[in-house]
Amino acid sequence: MLEVNYIRENKEQVIHGLKKRNFTAGDLAIIDDILRLDDNRKSIQTELDALLAERNALSKEIGQLMQSGKKDEAESIRQKVAGLRDEAAVMESRMSENREQLQTLLYKVPNIPNESVPAGSSETDNEVYKAWEKDLPELSGEALPHWDLAKKYNIFDLDLGVKITGSGFPVYRGKGARFQRALIAFFLDRATAAGYEEIIPPLMVNEDTARGTGQLPDKEGQMYYVEKDDLYLIPTAEVPVTNIYRDVILNESDFPIKLTGYTPCFRREAGSYGAHVRGLNRVHQFDKIEIVQIQHPDRSYDTLQEMLAHVGSLLDSLELPYRILRLCGGDLGFTSALTFDFEVYSAAQKRWLEVSSVSNFETYQSNRLKLRYRDGKGTRLAHTLNGSALALARIVAALLENNQTPEGIVIPKVLQPYTGFELLN
RNA sequence: GGAGAGAUGGCCGAGUGGUCGAAGGCGCACGCCUGGAAAGUGUGUAUACUCCAAAAGGGUAUCGAGGGUUCGAAUCCCUCUCUCUCCGCCA
């Protein structure tokens, strides 16, 4: 979330940013509400602190009087302090009420979009940041979508997943399973080669962790929740991996922190059906390799570019045609300041599939995480960034479709050492 | 799951109602000492909020978390979480 002081000092900028997220004049009233509550909080605190200071001083006096045997004097002060206590109790409850209200409002304010974020209300307004310059692959009339290819070559089975679990839980088999494992290993190797530390995190997280990266309270319905133990299944490795640095104070020399993690990802994605979401296009469980960086605020946008280049190089290696979009204000995630989406072209479906999302959260997550660094004068919030590198299910879909031949599916060269076969048939 | 013990600063560890944001040690930083180092020695070394135009300097809170008793809580009481030991179960 945003810091109140930031909102106070950059009010015009904040309002400008929220407008880009299509806040109406009515919605924007929240900003003044926040500032008013914060003013209120300050004045209550000043009053309360003074009261407590007096109480502490008098209490100390009582102690001294008691020790020197002046019981009567102590008794009279004691009565005075008892009154102070009641006053303080009232003020404390006003204080906590006020703090709760303020917190609730702050949770409702999304991150301020970066200057470069285009205006717009939906995904159709996203800007093509880097187009695909070469020709798009064309397949013959017999080309099959990946769900048909999966049946033909026994790569994955969604019906079997329904039997075992429910819809949207694919079962990968044989060479399909091996292909999956090859992609994971390839992506992890490339990430570690690029200097990211490999992490295997827990797949379930507690409430504090889910709150730290912003899944709570905004996206509660997206996560599977294990009620008995009060745990959430992770929707992305971003959640447990970034939270490694929750409540941490770094030194400037620690930057950049680069982490990567492979995990299955669980998403409820309630209420989406149709041709659009067939096959692997949208499932409840999929594998993803995530890259996370924690960086000095002055360098986070360079880091974002570095991460874009990393994801791009993976797609280049896999010989997949892709384009990069800069998300508009209306499509930008709640916690993000700037997000680039990578889309891969699926020749059989004749559409672009989102395979990666790379974002700079600036201080929005770190404020919740209390992730700071020392800069000589005091502590400041660090910047957090993350990106998929890459999400498997849709990459698999695109590779199956684009690389299909009458003999089988051609495995990209870079993956062959991992699969042990050149043709998936 | 059952029984017991415990949770104090970056780390170890003292502290059972007032003089405790907290002894002592380690670590770290800076200085002295030294040809240089080690040893020795001196000083400093949490976070958040807040007051002040700012600096300096005040104030408040924080001893796992939350609540309570009290004029006053690291210390007493309650609830929760976590850790350790033993037993049970188990990949």
Side-chain angles (χ1 to χ4, degrees), chain A residues 1-9 34-106 200-212 216 225-232 240 243-255 257 264 363-382:
Chain A
M1 63 195 165
L2 298 176
E3 293 174 284
V4 180
N5 282 341
Y6 178 86
I7 296 176
R8 188 181 296 282
E9 282 157 28
I34 285 172
L35 294 178
R36 209 188 52 242
L37 276 170
D38 190 51
D39 286 341
N40 202 239
R41 188 200 104 249
K42 280 189 192 179
S43 70
I44 296 174
Q45 172 147 16
T46 305
E47 246 181 287
L48 177 61
D49 282 357
L51 207 61
L52 292 176
E54 193 184 348
R55 185 201 67 182
N56 288 345
L58 289 174
S59 291
K60 205 169 270 185
E61 222 175 290
I62 291 172
Q64 280 159 2
L65 289 171
M66 294 294 269
Q67 263 170 1
S68 53
K70 298 175 183 166
K71 282 207 164 175
D72 295 344
E73 279 181 59
E75 187 56 38
S76 77
I77 299 178
R78 178 181 298 183
Q79 275 163 19
K80 191 172 165 193
V81 181
L84 287 182
R85 184 184 52 170
D86 296 341
E87 239 180 287
V90 171
M91 222 173 275
E92 259 162 18
S93 78
R94 268 171 61 201
M95 182 84 173
S96 67
E97 194 184 322
N98 184 294
R99 189 178 311 131
E100 233 166 82
Q101 286 172 359
L102 183 59
Q103 191 71 266
T104 306
L105 290 191
L106 283 172
I200 299 181
L203 304 184
M204 290 192 189
V205 296
N206 59 30
E207 192 181 323
D208 284 346
T209 295
R211 201 175 289 280
L216 290 179
Y225 175 55
V226 181
E227 193 167 10
K228 191 157 186 173
D229 296 290
D230 201 16
L231 294 173
Y232 296 86
N243 270 277
I244 292 174
Y245 286 91
R246 173 155 51 85
D247 287 320
V248 168
I249 301 176
L250 299 163
N251 294 313
E252 282 190 82
S253 57
D254 295 329
F255 293 127
I257 287 169
T363 60
Y364 197 88
Q365 286 185 328
S366 56
N367 190 30
R368 287 202 192 174
L369 293 162
K370 298 207 197 77
L371 164 50
R372 292 155 290 169
Y373 68 96
R374 281 180 238 277
D375 75 342
K377 280 186 187 165
T379 64
R380 290 180 63 197
L381 295 173

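Every chain is numbered from 1, with letters handed out A, B, ... down the list of sequences.
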Margin query: side chain to side chain contact (heavy atoms under 4.5 Å, CB included), that's the test. Do A/L2 and A/N367 meet it? Break it down for me.
Written below: CA-CA 7 Å; A/L2 298 176; A/N367 190 30; 5.8 Å; no
Check whether any side-chain heavy atom of A/E73 lies under 4.5 Å from a side-chain heavy atom of A/E61, and answer yes or no.
-> no
Between N or O atoms, less than 3.5 Å apart, protein on one side and nucleotides 78-82 of chain B on the other: list the pairs.
none

- Take atom C1' in B/G18 and the same atom in B/G13, then report the distance between them in whole Å. 24 Å
### Query
OP1 or OP2 of B/A48 sitting under 4.0 Å from any side-chain N/O of A/R372?
yes
note: A/K228, atom NZ; B/G1, atom C1'; distance rounded to Å ~ 11 Å
Rounded to whole Å, CG of A/L58 lies from P of B/U70 at a distance of 18 Å
Here the distance between atom C1' of B/A48 and atom NZ of A/K42, to the nearest Å, is 14 Å
### Task
For nucleotides B/C63 and B/G57, find the distance between their P atoms and express it as a whole number of Å.
26 Å
Per the under-4.0 Å heavy-atom filter, residues of residues 245-254 of chain A near RNA chain B come out as A/I249
Separation of B/C71 atom P from A/L51 atom CG, nearest Å, is 16 Å
By the Watson-Crick or G-U definition, both distances under 3.5 Å, B/G17 is matched with none
query: Can you find a heavy atom in the side chain of A/L106 that is under 4.5 Å from one in the side chain of A/I34?
result: yes
Given protein heavy atoms under 4.0 Å, the one-letter contact record of nucleotides 52-64 of chain B, with B base, S sugar-phosphate only and - none, is simply -------BSS---
Checking B/A46, B/C51, B/G18 against the side chain of A/M66 (C-beta onward), the nearest is B/G18
Residues pairing under side-chain hydrogen bond (donor to acceptor under 3.5 Å, both in side chains) where one sits in residues 86-101 of chain A, two or more places apart or in two chains, turn out to be A/N40-A/N98
Hits for ring-ring contact (aromatic ring centres under 6.0 Å, His included) against A/Y373, two or more places apart or cross-chain, chain-then-number order -> A/F255, A/H296
Closest non-hydrogen contact found for A/A74 with A/I62 is O-CG1, 4.1 Å
With sequence neighbours left out, the residues meeting salt bridge (charged side-chain N to carboxylate O under 4.0 Å, His left out) with A/R85 are none
Q.
Does A/D230 have more than 12 heavy atoms from other residues, nucleotides or ligands lying within 6.0 Å of its CG?
A. yes
Applying the 3.5 Å cut-off to both distances, the Watson-Crick or G-U partner of B/A73 turns out to be none
Taken in chain and number order and not counting sequence neighbours, the residues that satisfy side-chain hydrogen bond (donor to acceptor under 3.5 Å, both in side chains) with A/T209 are A/N206, A/R246
Taken in chain and number order and not counting sequence neighbours, the residues that satisfy salt bridge (charged side-chain N to carboxylate O under 4.0 Å, His left out) with A/R78 are A/E75
By nearest-heavy-atom nucleotide on RNA chain B, the more 5' of A/R380 and A/K60 is A/K60
Across all chains, not counting sequence neighbours, the salt bridge (charged side-chain N to carboxylate O under 4.0 Å, His left out) partners of A/R41 are A/D38
To the nearest angstrom, the CG-P distance between A/L371 and B/U47 comes to 15 Å
**Study point:** Gap in Å between the two P atoms, one belonging to B/C20 and one to B/U60, rounded
**Key:** 15 Å
So, with a heavy-atom separation below 4.0 Å from RNA chain B, the residues of residues 73-98 of chain A are A/R78, A/V81, A/R85
query: Expressed in whole Å, how much space separates the P atoms belonging to B/U79 and B/C86?
result: 27 Å
Re B/C86: Watson-Crick or G-U wobble partner, both distances kept under 3.5 Å, found to be B/G2
note: A/L381, atom CG; B/U47, atom C1'; distance rounded to Å ~ 13 Å
Scanning all shown strands, the Watson-Crick or wobble mate of B/A56 with both distances under 3.5 Å is none
> With side chains defined as the heavy atoms from C-beta onward, is the minimum distance between A/Q365 and A/L371 less than 4.5 Å?
Replying inline: no
- Item | Nearest-angstrom distance, P atom, B/A73 to B/A39 | 44 Å
When rounded to whole Å, the CZ to C1' distance for the pair A/R374 and B/A46 reads 8 Å
Contacts of A/D39 meeting salt bridge (charged side-chain N to carboxylate O under 4.0 Å, His left out) (sequence neighbours excluded), chain-then-number -> A/R8
If pairing means Watson-Crick or G-U wobble with both distances under 3.5 Å, then the partner of B/G35 is none
Scanning all shown strands, the Watson-Crick or wobble mate of B/G42 with both distances under 3.5 Å is B/C30
Could you check whether any side-chain heavy atom of A/M204 comes within less than 4.5 Å of a side-chain heavy atom of A/Y232, counting everything from C-beta outward?
no
Mate of B/A65 across any strand shown (Watson-Crick or G-U wobble, both atom pairs under 3.5 Å) is B/U79
If pairing means Watson-Crick or G-U wobble with both distances under 3.5 Å, then the partner of B/A23 is none
Exercise. Considering only the C1' atoms, how many Å lie between B/C49 and B/G21, rounded to the nearest integer?
Worked result: 16 Å
What's the gap between B/U81 and B/G88 when it is taken at their C1' atoms, as a whole Å value? 23 Å
Which of A/I249, A/N243, A/V248 passes side chain to side chain contact (heavy atoms under 4.5 Å, CB included) with A/Y245? It is A/V248
Discussion item. Distance check, C1' atoms only: B/G27 and B/G10, in whole angstrom units.
Written reply: 8 Å
The complete set of side-chain hydrogen bond (donor to acceptor under 3.5 Å, both in side chains) pairs with one or both residues in residues 44-55 of chain A, sequence neighbours excluded, reads none
To the nearest angstrom, the CG-C1' distance between A/N40 and B/C49 comes to 15 Å
